[in-house]
Amino acid sequence: MTQSPPTATPDMAGLPGTADMSWPPPPYRPPVPSVTDEHGVRRFDGITYATTPGYRPRLLDVQLPAGEGPFPAVVWIHGGGWLDGDRRYPPPTVPVELLHGSVLAAGLALVSIDYRHSLEAPFPAQLHDVKAAIRYVRAYAEALGIDADRIGVWGESAGGHLAALAGVVGPGTAGAESLEGTQGVGSGATGVQAVVDWYGVSDLVAVAEHPMPPMPSEVEFPDPYEALLGGTDAERPALARAASPVTYADGPGLPPFLLIHGTNDGLVPYSQSELLAEALGSAGGEVTLRPVDGADHIFLGSPDIVRIVGESVEFLARHLGAKA
């Protein structure tokens, strides 16, 4: 009788991530080894920074400039009305090569994050995810090549709203515990050292009085504010105040803010950035409000996209102490 040869057991000792292959797996591990491209840029792609059963994992990507770190980092928060969007794509008016290249050329690391959309979970889930991403980056800063003490946030539209909230909600803020969340790493500092907010909503109570323009899309979108806030009509004003950056703009230890907004924005009125600038200034915070004359939402109609990106990166590099 012919005997079958024994089944070979592969030697997995040298493979990354196989030393702790237990079940259930630990939810958060140090990032997998990075990949370095021909320009010396190191990348960590698709890191899971938070999970919730029944939801897609929340992912982030990290890009590090060539050279020796640790580098100050910018957390990029995408827009999309809290209903849509993807960490990999800036608004269509801003080439991804321009945005990413400008950040890296300034000596800054770029952390691009996804977060739960509003039909997955209403506010404050989105802010919880932003703060979970910041906690993750701080917890694994050494492995990522990032300086944990120099982290800024930069967002556009819905991401601008979340970036502003990340800047004003911190230790000592009224109601901060409910806004910090326990997603991901679960504990740790979430303060940031600089904020760039492109045309974000700052006062959801006031913006509710602004009629939504028709959406040129074959897909029928729900009202983004109702989807974000959830609740009943009676509950919504209180929920809107809780989700508004102006509500917390008098908190302690505010970081410097740069607000850039088109003066002809038909989706989020320019007055939204004026309200936040006034609130931050009244609290003694450092704030710069930069109007983009004649521009609509996502800076449509502006010929100055390169200048706008450059000013934003320069602001972050200066306040985070980057060395290009």
Side-chain angles (χ1 to χ4, degrees), residues 27-28 46-61 75-89 111-139 151 153-171 173-192 195 197 200-205 207-208 221-233 235-248 268:
Y28 311 105
I47 296 172
T48 298
Y49 72 85
T51 59
T52 304
Y55 296 90
R56 63 195 167 102
R58 269 81 81 202
L59 305 180
L60 62 80
D61 300 334
V75 176
W76 167 259
I77 312 171
H78 69 77
W82 309 282
L83 288 159
D84 203 358
D86 186 306
R87 70 187 186 278
R88 297 168 295 178
Y89 306 117
V111 180
S112 306
I113 71 169
D114 284 330
Y115 53 87
R116 281 171 289 178
H117 294 155
S118 56
L119 294 185
E120 294 180 277
F123 185 84
Q126 296 70 32
L127 180 59
H128 287 173
D129 289 348
V130 170
K131 287 182 169 286
I134 294 169
R135 282 194 294 267
Y136 183 95
V137 169
R138 282 215 164 96
I151 297 177
V153 286
W154 179 4
E156 61 97 13
S157 196
H161 162 256
L162 296 172
L165 279 171
V168 296
V169 173
T173 303
E177 279 190 23
S178 66
L179 297 173
E180 287 289 328
T182 57
Q183 299 289 320
V185 173
S187 63
T190 61
V192 296
V195 178
D197 171 1
V201 174
S202 64
D203 186 339
L204 277 80
V205 178
V207 85
F221 274 75
D223 182 287
Y225 302 111
E226 291 183 9
L228 176 71
L229 299 174
T232 65
D233 289 346
E235 294 169 331
R236 212 159 284 135
L239 293 169
R241 284 191 291 275
S244 296
V246 294
T247 301
Y248 314 100
V268 178

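What you are looking at is a predicted structure, and each value in this text was computed from that prediction instead of being measured.
Residues Ile134 and Val153 are in side-chain contact: their nearest non-hydrogen atoms beyond the backbone lie under 4.5 Å apart. Side chains of Thr52 and Glu120 form no contact here, defined as non-hydrogen atoms less than 4.5 Å apart. Using a 4.5 Å heavy-atom cutoff, the side chains of Ile77 and Gln126 are not in contact.
Evaluation of the side chain to side chain donor-acceptor pair (under 3.5 Å) rule for Asp84 yields no partner, not counting sequence neighbours.
No donor-acceptor pair under 3.5 Å is formed between the side chain of Arg58 and the backbone N or O of Asp129. In terms of modelled atom types and a separation under 3.5 Å, the side chain of Glu180 and the main chain of His128 share no donor-acceptor contact. Of the possible donor and acceptor atoms, none in the side chain of Ser244 sits under 3.5 Å from a partner among the backbone N and O of Thr247. Using modelled atom types, no side-chain atom of His78 and backbone atom of Ser157 make a donor-acceptor pair closer than 3.5 Å. No side-chain donor-acceptor contact under 3.5 Å links Arg88 to the backbone of Ser112. In this structure, the side chain of Tyr49 does not engage the main chain of Val185 through any donor-acceptor pair within 3.5 Å.
Using a 4.0 Å cut-off between charged side-chain N and carboxylate O, Arg87 and Asp61 make a salt bridge.
For the residue pair Leu179 and Pro124, the shortest heavy atom distance occurs at CD2-CB, 4.0 Å. Among all heavy-atom pairs drawn from Ala164 and Asp197, the shortest one is CB-OD2, 3.8 Å. Across every non-hydrogen atom of Gly81 and Ala158, the tightest pair is N-CB, 3.8 Å.
Atoms OG1 and CD, from Thr51 and Gln183 in turn, are 8.0 Å apart once rounded to the nearest 0.5 Å. Atoms NE2 and CG, on His117 and Asp86 in that order, are 8.0 Å from each other to the nearest 0.5 Å.
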- Worked verdict on Leu165 versus Val130 for side chain to side chain contact (heavy atoms under 4.5 Å, CB included): CA-CA 10 Å; Leu165 279 171; Val130 170; over 6 Å; no
- Task: In sequence, state the C-alpha distance, the side-chain angles, and the governing distance for Trp76 and Leu60, and then conclude on side chain to side chain contact (heavy atoms under 4.5 Å, CB included).
- Result: CA-CA 10 Å; Trp76 167 259; Leu60 62 80; over 6 Å; no
- Task: Report the C-alpha separation of Thr190 and Arg135 in whole Å, then their side-chain angles, then the decisive distance to 0.1 Å, and conclude whether the side chain to side chain contact (heavy atoms under 4.5 Å, CB included) test is met.
- Result: CA-CA 6 Å; Thr190 61; Arg135 282 194 294 267; 3.5 Å; yes
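For the ring-ring contact (aromatic ring centres under 6.0 Å, His included) criterion with His161, the lone passing option out of Tyr115, Trp82, Tyr225 is Trp82. Just one of Leu229, Leu204, Val205 meets the side-chain contact (heavy atoms from CB on, under 4.5 Å) condition when paired with Arg236; it is Leu229.
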